[in-house]
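Report on the following structure.
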Amino acid sequence: MKRLFSKISVNEREKLLKLLETNTLSFPKNTAVFSSTKDDAIGIILQGHAQIIRTDYNGNRTIIEELEEESIFGTIISSLNNNECEVIAKENTKVLMIDYHSIIEFQNTNYKYYNQFIKNLLEIATNIIEEKNERIEILTKKSIRDKLLEYFNIYSKKHGTRIIYLPFSYTDLADYISADRSAMSRELGYLKEEGFIKTKGRRITLLYR
């Protein structure tokens, strides 16, 4: 919660959590998170890992968003406004839940730590929008090769390195770029043969940058 409570002391944080009537919930691996909460809640991953997954009417899965520690999600800021999307815990996950209305209807804005909290929340929401725009850039590419290379380029620029450590499995990567797993594996093989990349497990080294 470092980003969300940046510049807020531990004592002020405890006061804020009490004022906002927050709850901390735990979810076992492979269980639904958001469907167990109110639709107007904002969730913050305190510990663990979850994914926002969309399953269409044909049963096809697409990973909409990766949720690591300190990630924030909810119908207000995430793709959870339809019945096809749900949040699934990928490991035992602990989530801090805040009622959205308790934030926007809070009356006493004289608390400096509350104003700082709102500022931090807006900055995080801005980062989420940037990440969604990056995802759009990937999904608008027509070929699997171009989707993979765009994903690699975005990761490389963001982290300032030619070495990519996939935050998820190759199956999840296929879901993330909305590609068939077998077709993506073939394309990765071609990229290796042509000297674009080198792989070892989930580590991918870019040889063309």
Side-chain angles (χ1 to χ4, degrees), residues 1-4 6 42-45 48-56 60-82 84-91 93 120-209:
M1 297 191 293
K2 293 178 182 177
R3 288 192 302 163
L4 186 60
S6 174
I42 291 176
I44 304 155
I45 304 293
H49 170 212
Q51 293 174 335
I52 299 178
I53 296 175
R54 178 179 180 269
T55 305
D56 65 19
N60 299 313
R61 291 172 70 256
T62 301
I63 297 174
I64 302 298
E65 195 173 334
E66 289 287 333
L67 302 172
E68 305 288 351
E69 287 187 16
E70 298 189 16
S71 293
I72 295 179
F73 63 93
T75 52
I76 307 300
I77 54 178
S78 303
S79 303
L80 293 169
N81 53 2
N82 63 68
E84 295 181 342
C85 293
E86 59 182 342
V87 180
I88 301 296
K90 301 303 291 183
E91 58 186 77
T93 301
N120 294 342
L121 186 61
L122 289 174
E123 288 178 353
I124 292 172
T126 299
N127 290 335
I128 291 173
I129 292 172
E130 291 175 354
E131 290 172 0
K132 288 183 182 295
N133 288 336
E134 292 172 353
R135 180 80 183 286
I136 290 171
E137 288 296 318
I138 294 169
L139 294 179
T140 52
K141 301 301 179 184
K142 297 192 178 200
S143 69
I144 294 176
R145 170 174 291 219
D146 288 341
K147 288 181 179 182
L148 285 168
L149 292 177
E150 184 67 20
Y151 176 81
F152 297 157
N153 286 336
I154 289 173
Y155 187 104
S156 179
K157 289 178 182 178
K158 183 178 293 186
H159 297 276
T161 177
R162 294 187 301 115
I163 299 176
I164 295 170
Y165 293 93
L166 290 180
F168 36 46
S169 67
Y170 281 97
T171 298
D172 285 346
L173 175 60
D175 288 339
Y176 186 79
I177 67 172
S178 193
D180 177 76
R181 173 70 170 87
S182 298
M184 188 195 74
S185 294
R186 287 195 298 272
E187 196 59 56
L188 285 169
Y190 296 148
L191 289 171
K192 288 170 64 177
E193 291 175 4
E194 296 170 24
F196 281 88
I197 63 173
K198 180 172 63 176
T199 64
K200 184 177 181 180
R202 293 188 186 182
R203 187 180 71 184
I204 300 173
T205 304
L206 306 184
L207 304 177
Y208 61 91
R209 291 185 65 84

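Note that this is a predicted model, so its numbers are computed, not measured.
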>> Tell me the closest heavy-atom pair linking Gln51 and His49, and the distance in Å.
In response: CG-NE2, 4.0 Å
> Can the positive tip of Arg135 be found less than 6.0 Å from the middle of the six-membered ring of Tyr176, inside 45° of the ring normal?
Replying inline: yes
> Do Thr199 and Leu188 come close enough that some side-chain heavy atom pair is under 4.5 Å?
Replying inline: no
> How many angstroms lie between CG in Leu173 and CD1 in Ile204, if you round to the nearest 0.5 Å?
Replying inline: 6.5 Å
> Atom OH of Tyr208 and atom CG of Leu149: how far apart are they, to the nearest 0.5 Å?
Replying inline: 4.5 Å
> So, for Val87 and Ala50, which heavy atoms are closest and what is the spacing to 0.1 Å?
Replying inline: CG1-CB, 3.9 Å
>> With rounding to the nearest 0.5 angstrom, report the CG to CD distance, Asp146 to Glu187.
In response: 8.5 Å
>> How long is the straight-line distance from OH of Tyr165 back to NZ of Lys200, given to the nearest 0.5 Å?
In response: 9.5 Å
>> Assess whether a salt bridge exists between Glu194 and Arg145, defined as any Lys/Arg side-chain N lying under 4.0 Å from an Asp/Glu carboxylate O.
In response: yes
> Taking Ile164 as the fixed residue, which of Leu206, Ile197, Thr205 is the one that meets the side chain to side chain contact (heavy atoms under 4.5 Å, CB included) rule?
Replying inline: Leu206
> Does a salt bridge link Lys158 with Glu134, judged by any charged N lying under 4.0 Å from a carboxylate O?
Replying inline: yes
> So, for Phe168 and Glu66, which heavy atoms are closest and what is the spacing to 0.1 Å?
Replying inline: CD2-OE2, 2.7 Å
> Distance from Ser178 atom OG to Ile64 atom CD1, nearest 0.5 Å?
Replying inline: 8.5 Å
> Is there a side-chain contact (heavy atoms from CB on, under 4.5 Å) between Ile45 and Glu68 once you walk through the steps?
Replying inline: CA-CA 7 Å; Ile45 304 293; Glu68 305 288 351; over 6 Å; no
> Can you list the steps and then say if Asp175 with Thr62 is a side-chain contact (heavy atoms from CB on, under 4.5 Å)?
Replying inline: CA-CA 5 Å; Asp175 288 339; Thr62 301; 5.6 Å; no
> Looking only at atom types and distance, does a side-chain atom of Thr161 sit under 3.5 Å from a main-chain N or O of Ser156, one as donor and one as acceptor?
Replying inline: no
>> Which heavy atom of Ile128 sits nearest to which heavy atom of Ile72, and what is that distance?
In response: CD1-O, 3.6 Å
> If you take all heavy atoms of Asp180 and Ala183, which pair is closest and at what distance?
Replying inline: OD2-N, 3.0 Å
>> List the residues meeting salt bridge (charged side-chain N to carboxylate O under 4.0 Å, His left out) with Arg202, not counting sequence neighbours, and say none if there are none.
In response: none
> By ring pair (Phe, Tyr, Trp, His ring centres under 6.0 Å), which residues pair with Tyr155, not counting sequence neighbours?
Replying inline: His159
>> To the nearest 0.5 Å, what is the distance between CD on Glu86 and CD1 on Ile52?
In response: 11.0 Å
>> If I compare all heavy atoms of Lys147 with all of Leu139, which pair ends up nearest, and what's the gap?
In response: CE-O, 3.9 Å
> Do Tyr151 and Leu166 come close enough that some side-chain heavy atom pair is under 4.5 Å?
Replying inline: yes
